[in-house]
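Fair warning: this is a prediction, and the values are worked out from it, not measured in the lab. We number each residue from 1, following the sequence as shown. Counting starts at 1 for both ligands and their atoms, in listed order.
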Amino acid sequence: MFGQERILLIFVGFLLCSAVVSQIPLGSKLSVVENNHWSSSNGNFAIGFFNRLDQYSIGIHFNSNSIPIGQQTVVWVAGADLTVGDKSYFQLTQNGELVLFDSTRGFVVWTSKTTNSSVASAVLLDSGNLILLNRKQEIVWQSFDTPTDTLLPGQNLSISQSLRAASRNSMSSYYSLRMDISGHLQLRWESHVVYWTSGNGIHSQSILRAILNSDGILQLLDRRSKPVWSVFGEDHNDSNVKLRFLRLDVDGNLRLYSWLDVLRSWRPVWQAVENQCKVFATCGLSGICVFNASSFPVCKCPFSSTTDSNSKCLVPYGQDCKSGFIMTRYNHTFLYGIYPPNETIVQTSLQQCKSLCEKDPLCTSVTFVNDGTAQCQITKTQYITGQSDPSLSSISFVKKCSDPIAALPISPVHDTSPKKLNRLCIPCLIGVASCTIVVFFLFQLGIGFCIYKQRNYIRTKAALAYTGPNSNGLITLSYAEIKDLTGNFKHRIGPNIFEGMFPDNQLVAVKELKAGIEERMFRCVVSKIGTIYHKSLVKLEGYCCELNHRFLVYEFAKNGSLRQCIENRKACKRLTWRKRMEICVTVARAISYLHTQCREFVSHGNLKCENVVLDENFDAKVSEFGLAFDNGGAADEDVKDFGKMVVELVSGCREADNVCYWAYEKWVKGEAESIVDGRIEGMKDLEELERALRIAFWCLQIDGQTRPSIGEVIKVLEGTLTVDPPPPPFICGGREEEEELSESGPEL
Ligand SMILES: *[C@@H]1O[C@H](CO)[C@@H](O)[C@H](O)[C@H]1NC(C)=O
Ligand SMILES: *[C@@H]1O[C@H](CO)[C@@H](O)[C@H](O)[C@H]1NC(C)=O
Ligand SMILES: *[C@@H]1O[C@H](CO)[C@@H](O)[C@H](O)[C@H]1NC(C)=O
Ligand SMILES: *[C@@H]1O[C@H](CO)[C@@H](O)[C@H](O)[C@H]1NC(C)=O
Ligand SMILES: *[C@@H]1O[C@H](CO)[C@@H](O)[C@H](O)[C@H]1NC(C)=O
Ligand SMILES: *[C@@H]1O[C@H](CO)[C@@H](O)[C@H](O)[C@H]1NC(C)=O
């Protein structure tokens with residue numbers, strides 16, 4: 001009897017427990033508008049949308065009753081820096097995939113990629129881990145595997161994972177925490193400067209993962225889960241502390257926080273870099289780090305020669321200083337360069353160190369590390385940062401132009417708000433239904449052509465134009481007609497592009513695509529791009545889809561492609577500095593239109609100088625857009641391609657593997673002017689040049705997430721948004737790959 005009762009009790013208990021574990025069924029949805037959320041069964045955590053820089057993100061945050069709303073820290077965000085519009089939603093789809101749909105861009109911007117994993121439900125665990133379970137109740141995906149800037153108790157950090165500090169904006173430098181291949185934790189600035197390492201000197205071969213445990217101890221564990229290195233928060237053994245987290249903060253320090261109900265606030269109980277001023281570039285562009293009278297780290301610019309409120313701290317010496325210079329001494333000060341961080345270190349004396357800098361025209365400052373090593377660090381960048389403290393023995397000298405006017409200018413911010421595009425996209429997609437209709441009518445038309453096949457069918461454009469219901473106004477042409485209007489492909493005006501003429505004497509450009517692109521696909525794409533109208537997008541006039549032949553007929557641009565103009569001496573004269581900058585902005589606006597203002601997101605897919613054409617006024621129009629199929633990831637590819645295009649346009653160089661690297665190196669050395677195409681005559685706006693190059697290099701970042709959006713690019717080009725100097729690692733080249741792509745036509 002007694003035993004049976006126990007079993008019953010256990011059974012009831014089990015029922016209660018499983019009722020509390022709040023399973024999230026397939027189809028469940030969270031939206032910005034409803035402001036709803038899913039919470040963990042203990043109520044400590046919840047997932048929902050939250051406000052971020054005028055936009056929204058979806059994330060897991062503390063939700064415990066004892067924590068006031070303002071302190072319900074976010075611990076995980078889908079897509080890290082990703083923000084979405086105010087009608088967005090987050091859903092566990094019937095296919096078992098978590099998706100984040102952005103109402104601004106009109107497509108899914110983040111997914112858990114679990115359609116093939118037979119997901120049956122989701123659960124937000126009491127630990128703050130959001131998991132997806134299959135029918136066998138196995139975990140197939142968990143938020144703990146893609147940490148953002150925070151580790152929660154019980155969460156592993158292994159070699160392939162990293163924490164990344166939130167950025168102030170998508171174009172700021174960033175800090176990250178990762179485990180290097182030898183198993184040590186490292187704090188890094190951008191991708192390569194390491195400023196803190198855990199547990200040096202440990203035999204690290206066996207380290208497998210780091211974990212924050214619930215007692216507030218951060219540990220490195222070996223394969224047998226034995227700790228080989230540990231750090232303890234100052235309250236690690238305090239059982240009153242219920243909630244903890246480890247976060248890589250915006251200032252680059254890694255801190256362990258505890259919640260104490262009595263204090264009603266998060267309290268840092270450990271930080272990795274004890275002296276905040278020793279966090280690399282902690283002051284960024286704002287100068288050097290010092291502790292104020294109440295021991296707070298603050299940023300100061302002791303050598304600033306301007307009173308500009310812009311708060312950026314540049315060295316008071318530039319390449320254009322012609323009047324000579326003076327060296328100013330700063331005791332107890334350690335300086336180093338950023339953008340890029342690359343010091344030359346030599347061993348010498350204090351006097352020698354100073355004179356080395358005086359003799360080197362590129363040197364902007366030196367630091368003599370007066371710690372017995374006799375090291376002299378020579379800095380050649382315009383941006384200097386560092387620290388100053390009475391306990392430091394380093395002595396620095398900063399070069400200062402004796403003629404203050406010649407000091408480098410600091411970019412002012414113009415307040416020219418971007419002009420609104422005033423044309424709305426006419427329905428950018430005619431769905432599969434209309435494709436079917438199109439196919440049907442084409443079939444009929446095809447029969448018609450078979451019957452009346454003759455050579456003089458192209459009488460007028462109107463006579464040919466297919467104008468059925470829901471017509472997109474495109475002309476459909478047979479292969480014979482294409483041959484006819486191009487004069488049997490007589491005038492080749494670009495790779496696979498021919499000049500042609502309609503019977504009404506309207507010139508057109510005829511682009512031949514890869515044969516055998518699947519017909520239905522081709523027609524759908526054509527009907528989609530056929531309805532996109534924008535003054536800076538080349539209009540599609542018609543197409544041919546017959547047997548294996550695939551042609552697109554575009555409006556004709558008198559001055560050919562941007563590539564041809566750059567390479568043609570006469571045409572190039574028209575490409576003044578002003579014109580080139582105008583072209584950049586025009587192209588960026590056209591891409592932005594495709595990305596954000598069509599009913600459905602359209603990526604360009606193959607943006608380059610060959611695909612930008614110039615009309616009779618040398619106004620740019622973007623061509624061959626929307627021919628690559630795309631699932632949302634390609635927005636940053638367009639941005640990357642745009643960056644490359646800007647570098648080519650500014651330098652006038654044929655795209656070679658190394659033109660971006662070459663330009664970057666010149667820019668780093670402060671020789672930005674030498675990048676500019678020598679054929680450009682007259683005044684160049686140096687501020688504008690700096691802006692264009694910076695944004696181009698940001699567009700070229702390897703990590704798609706650090707690339708700006710095309711909207712941000714426009715603002716920077718127009719001068720309404722300032723931008724940090726870009727870090728070095730970026731993509732360039734890949735020319736061969738693309739050549740192949742363009743030869744074989746777009747991917748359909
Ligand atoms: C899912 O499986 C199908 C068929 O095996 C495959 O074509 C598709 O690429 C897979 N999708 C993902 C996201 O892995
Ligand atoms: C952490 O890693 C260990 C060892 O690989 C594993 O057993 C455990 O399930 C992991 N924890 C989480 C939350 O993934
Ligand atoms: C925590 O540990 C410290 C020393 O490690 C000890 O002095 C203190 O009493 C302990 N506190 C509790 C609550 O156990
Ligand atoms: C030091 O800086 C902190 C933070 O900016 C500020 O709150 C404090 O008042 C400053 N103290 C002094 C003495 O200036
Ligand atoms: C730096 O220290 C030297 C030697 O102690 C001293 O002569 C000099 O005046 C100091 N400079 C400044 C700016 O304090
Ligand atoms: C750093 O500077 C040295 C010497 O000036 C140069 O050889 C090296 O290429 C530079 N490295 C980077 C990453 O810029």
Among non-hydrogen protein atoms, atom 9 (O) of ligand 4 lies closest to S294 OG, 4.4 Å
Here the pair of heavy atoms bringing T150 nearest to V75 is CB-O, 3.5 Å
Any heavy atom of Q155 under 4.0 Å from ligand 2? The part involved is neither
Looking only at non-hydrogen atoms, the one of N331, I395, T328 nearest atom 10 (C) of ligand 5 is N331
(message) Check whether N95 reaches the backbone of T115 with its side chain - one donor and one acceptor, N or O, closer than 3.5 Å.
(response) no
For residues 269-298, the salt bridge (Lys or Arg N to Asp or Glu O under 4.0 Å) pairs (sequence neighbours left out) are none
Residue, atom and distance of the protein heavy atom nearest atom 6 (C) of ligand 4 read N292 ND2, 4.1 Å
re atom 4 (C) of ligand 5, the protein heavy-atom contact at minimum distance is R329 NH2, 3.8 Å
So the atoms of ligand 4 within less than 4.0 Å of a heavy atom of A293 turn out to be 13 (C)
* To do: Might you check, step by step, whether the distance between atom 2 (O) of ligand 5 and some protein heavy atom is under 4.0 Å?
  => yes
For the cysteines C283 and C289, is the SG separation below 2.5 Å? no
For G154, the ligand 2 atoms with a heavy-atom partner under 4.0 Å come out as 13 (C)
| task | Evaluate ring pair (Phe, Tyr, Trp, His ring centres under 6.0 Å) for F45 paired with W76, printing each intermediate quantity in order. | result | CA-CA 11 Å; F45 293 94; W76 179 83; over 10 Å; no
Atom 5 (O) of ligand 4 sits nearest the protein heavy atom V298 CG1, 4.2 Å
* D261 and K242 ion-paired at < 4.0 Å -> no
Of all protein heavy atoms, the one nearest atom 14 (O) of ligand 2 is Q142 NE2, 3.0 Å
So W110 and L98, do their side chains get closer than 4.5 Å, heavy atoms only? yes
Looking only at protein heavy atoms, what sits closest to atom 8 (C) of ligand 2 is N156 ND2, 3.7 Å
### Task
Examine distances only and state if a side-chain atom of T385 and a backbone atom of G287 form a donor-acceptor pair shorter than 3.5 Å.
yes
